[in-house]
Amino acid sequence: MSAAAIPARTPRSGLRALLSRQPEWAVAALALGLMLVIGAVNPAFWEPANLFSLLRANVVTGILALGVLLVMLSGGIDVSFPAFAIAAMYLTIKGMIAVGYDGVVLPFVVATLIGLGLGLLNAVFVHGLRMIPLIVTLGTGTAVRGLLLGGVSASQINIDEMPQRLIAFANTQLLTIGSGDGHVGLSAMVLVYLLIAAGVHLLLRHTLAGRGIYALGGGEEPALRAGFSVRNTRLLIYGLAGALAGFAGLLHGSMIWVANPRDMAGSEIDVIAAVVLGGASIFGGRGSVAGTMLGVFTFVLLTNSLIIMHIDTTWQRVVVGLVVVGAAGITAWRDQRRQRGAGRGVGS
Amino acid sequence: MSALASRLRRIDPAIAQLLLLTVLVFAGMSFLEPRRFLRPYVFESITFVAPELGLLAVAMMVTMLTGGIDLSVIGIANLAGILAGMFFHAVGGAHGPGLAGLAAGPVLVGVLIALGIGLLGGALNGALVAKAKITPILATIGTGQIFTGIALVLTGGPAIVGFPRSWGAIGNGTLGGVAVPALVFLLAAGAVWLILARTSFGVGLKLIGTSARAARFAGLRTVRTVWLSYVLSGVLASLSGIILSGRTNAAKSDYGVSYLLQAVLIAVLGGTNPAGGRGSVPGIVLALIALMLLSSGLQIMRFSNFLVDFIWGAFLLLSIALNALRTRRG
Amino acid sequence: MAEAALVELREISKQFAGVKALGGVSLSIRPGEIHCLAGENGSGKSTLIKVMSGVNRIDGGTVLVDGKEEPALDPRRAIALGIQVIYQDFSLFPNLTVAENLSIGAELREGRRVVSWRRMRAHAEEAVRQLGVALDLDTTVEMLPTAGKQLVAIARALMAQPRLLIMDEPTTALTGREVEVLFGVVREIQARGIAVLFVSHKMREMLDISERLTVLRSGRVVAEGPIRQFDEAAITRAMTGAELDEVAFEGPALAADAVPRLAVSGLSVAGELDDVSFAVGAGEIVGIAGLLGSGRTELALALFGMRPNYAGEIRVDGETVRLDAVRRATEAGIAYVPEDRLTEGLFLPETINRNIVAASLPALSRWGLLRGREADRVAADTIRAMTVATPTGERPVMQLSGGNQQRVLIGRWLLRNPRLLILNGPTVGVDVGSKAGIHRAIRQLAVEKGLGVIMISDDIPELCANCNRILLMHRGRLRGALPSGLPPAEREALLSERLRGLS
């Protein structure tokens, strides 16, 4: 028999092969291109103050995006995480004020656990009742937000009441440039973000549980036959996505010095846009931490640079919409070509 | 008796469940707050508030029939109202009698503009879903942002306030003692019911939702049919936008955001299968009535709007659970 | 008996919700033999596979492995005993690389938590080396052609040190050449002392490779023995239970100058069809025989408007038509009853009536409105004319038997008054009684309505009994026709012979 009779359809070398195997490079190239264009329109883009603030803006969106990535890898979608994030943040801070506690580690643990619990609720509905994730998370998100606003409180906690050590932690700076009034610093939270991303990367890439998430995205039946526990995998996915949201929520409140229970409404679309831009497929099984981080970076770059580009910020929604449609369109086109490729030679 | 029983057994279990729910909500509210709930005013106000939401739910159901979804309905509704409002302001001036007393002709043009936006927006959604094969969730999330964004760019943020009187009548008026928006809704829902149950397009839509592959082999025009379902959804959304702006005398890019969940909830509660193939207008109407009774009851009982939101969400989860249990048994 | 059977099944019975799937099946597989289990869809093959792999618990009978009874066989135990199944869909992860697909099962079996890519890669290289094939380990499985996916599945199964490899319909989606490659691999596996159980309803390949054959029908063994005792027609008859004495169909005499219903000349589709020319007259049933991947189905799809980029000329009743969409084909009077009734033909949860009128919706509408009563009437007429066995057309079509479902599908197209009817596997999964009835109905349609019929089938007796002419297809080309006017038995022998010559 001749083994060469079974060629793969992948181009084996060159740029196309690279992009086919690691689409992250395409997103990276896009980000770089955008930076060059924006920098050419307004050289102020390259000033450290702007670059640092861009990186800072990556943190919360990025952590949330990692959670969405997990859900999308399994072939689902999550729109409940902003509500979970804000609920975890608000409840934690409210609790801290009530008992007069000020600290850093314990609050983050509590917020993460609240998020975890809410995420597990999603898992129960998605796995136990076999319901489409979009509809489940639409329901849990609205219910949680409604309960928070109606059952707890709808008023925001301002900086004078916020736990001071939490704020101090969130505003730690890694390095500063310049001095006096003109000095700018890079938020240390970027480091937190990188650590979490590295953790999720290790999970997805180097643990069997993580590979189980990809396997589930490839197909539930094969995953079952191979011996994965689909139930446990779903609990992991939605639980971890919830936990990441809880953590990101508290970080968000600490970074902006305000705990507003109405915050982040509608931000699910931005985060989903960033994840899709990073190459993850809504059909599951495709996407990576690196791609998602690049997607978030590109997305934040695009939406935060409108002012620098002298474009009215009212255009932001239009830009976000175009990003979603464009990125999803490219993914659909790629999937269709793939299907057509695989469909050949079938039949009798 | 046995004839009745057999007839009852033939009723769709989803519809039966809904009827029961409606009766239960009604009885519960009448029992808890008989004085304040059992007043004509309560039911009258429902006929003014429910239609705009009902139209969105019907639109949602139409796209769910093929396993899709239209998350851009709110964006289309607001953009339709805003563009009509801008047209009126351009023709009749931004304030005063010129605007309020605008003749039937320009108002009709405004209606056509609004419906035209629904048509175009729906056509864009349909093209992205049916022709470009983009997942409906992402395609309509994206276009929803684009429509909202265009509305924001056009208005700069604040609401467009002040519409002609006759436009307001579409959202506020009564005809023979019945709320005009309710009439518009019944007319539109009746038309959609007819389209789904009695036209080759409607039957084809359900067949495609049942099995897109078999539909292709049966020679059905799947691309065109799916595309048309999004056009229909867009037009229904813009009609909702007309009623909404007529009722509130204003149009804004971020009105009615909470309607999205409620529209999905009513569609799912009304027996629509979000995976495609099943859904009906009577189911939507029943679910709409049940939830509207519930929400006015809750308002009478002085529940905060936020808690009402919570109940909507919890209700959606509950109806999912009930549907799951029913299909598991059946 | 020289040696003990590797796996022996004795009087196995199994019921599902009161319906008997297996009724006392006995089967024995010797070490290192290539055994074939044949049977039509629904004959109990899949259930039997699941019994041997421990997925299905049995209701009666005994399973013996190496002569020892295995009363509590579950999937884990079956794998430990060396029984591996390669499912028809391969059960691979399309989005993961070949290397990971090959090794992730082993990682799971070993109960690891942390995966080592180096260890997985070494494992995968070993798997590929053992099979003796070259596969790009870094490619994702979805980028491989079907044959490549199958090799991955085989390589993965071999890494579990099997002694019996069960392959479910392994040749279904392969081209003729790929089947040869597969058989080469299977013989090498056998040379290592591993037994292989082929499970298939396509008998052509079995003859080439198997040593022993067991035929299942309706949950019972109806024939078994060394393969040389069977020829193709005999296997088919055993599988279907049909008798040979079906009267051969003699179509009406065609006038030499009559315009044919369908005339195809120089039809080519890149990679699928190559310069195909033939004609089908009114009242004629033309059979198309060919091996897997011969292009038979592609020819049907091209005629049904599903290969819009074809080259060549197609004429219906003398008129040239351009069939670049299904709608064009149906408007030209071409009807197609597809191969896979359940996914391509029927709307399973919908009613029988809806399924019947599905292709005639515009015709049954006036000003866009469907004439409900008219639709019900024509559906009822169709149920009667096609003798679909049901008390009412309001039942879901999935409650019907295979034969009645097929009648619904043929009836669906008759509503459109077609001029050409293409049937792909017209009686696959249909029980014997209904089979003859469907054949009668097709013949009647050809004679009475003057339809041109193209019948594509693996079932040699079916083709020989029902077709005026039989064309042979191979690698996308027509390779001549079988002479007409022979008695069915001689035709069968000749067709078997010719098909064997092609491979």
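So you know, we letter chains A, B, ... as the sequences are listed, proteins then strands, and number each from 1.
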Using a 4.5 angstrom heavy-atom cutoff, name the option from [options] with the most pairs to chain B.
options	result
Val319(A), Val324(A), Thr314(A)	Thr314(A)
Val320(A), Val79(A), Ile269(A)	Ile269(A)
Thr313(A), Ile77(A), Thr142(A)	Thr142(A)

### Task
I would like to know whether Arg317(A) and Asp254(B) meet salt bridge (Lys or Arg N to Asp or Glu O under 4.0 Å); could you show each step before the answer?
CA-CA 12 Å; Arg317(A) 291 292 107 203; Asp254(B) 61 355; over 6 Å; no
With chain A as the partner, which of [options] has the greatest number of non-hydrogen pairs under 4.5 Å?
options	result
Asp309(B), Ile134(B), Leu71(B)	Ile134(B)
Gly149(B), Gly144(B), Gly156(B)	Gly149(B)
Leu128(B), Ile150(B), Ile137(B)	Ile137(B)
Ser304(B), Pro274(B), Ala314(B)	Pro274(B)

Please state whether the side chain, the backbone, both or neither of [X] comes within less than 4.5 Å of a heavy atom of chain A.
X	answer
Val264(B)	side chain
Ala321(B)	both
Ile69(B)	side chain
Val257(B)	neither

Say you draw a straight line from [atom1] of [X] to [atom2] of [Y]; how long is it, rounded to the nearest 0.5 Å?
X	Y	atom1	atom2	value
Arg145(A)	Phe84(A)	CZ	CZ	11.0 Å
Thr225(B)	Lys206(B)	OG1	NZ	14.5 Å
Leu69(A)	Ile237(A)	CG	CD1	10.0 Å
Ile74(B)	Ser253(B)	CD1	OG	12.5 Å

Heavy-atom cut-off 4.5 Å, strictly under: side chain, backbone, both or neither for [X] against chain B?
X	answer
Ile272(A)	side chain
Leu138(A)	both
Thr331(A)	neither
Val136(A)	both
Leu322(A)	both
Ile135(A)	both

Do [X] and [Y] have side-chain N/O donor and acceptor atoms under 3.5 Å apart?
X	Y	result
Thr140(B)	Asp70(B)	no
Thr140(A)	Asn122(A)	yes
Tyr90(A)	Ser153(A)	yes

### Basic-acidic side-chain contact under 4.0 Å: Glu33(B), Arg302(B)
no
### Query
With the threshold set at 4.0 Å, does a side-chain nitrogen-carboxylate oxygen contact exist between Arg130(A) and Glu220(A)?
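Salt bridge: yes.
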### Query
Are side-chain heavy atoms of Ile282(A) and Val276(A) found at a separation under 4.5 Å?
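No, side chains not in contact.
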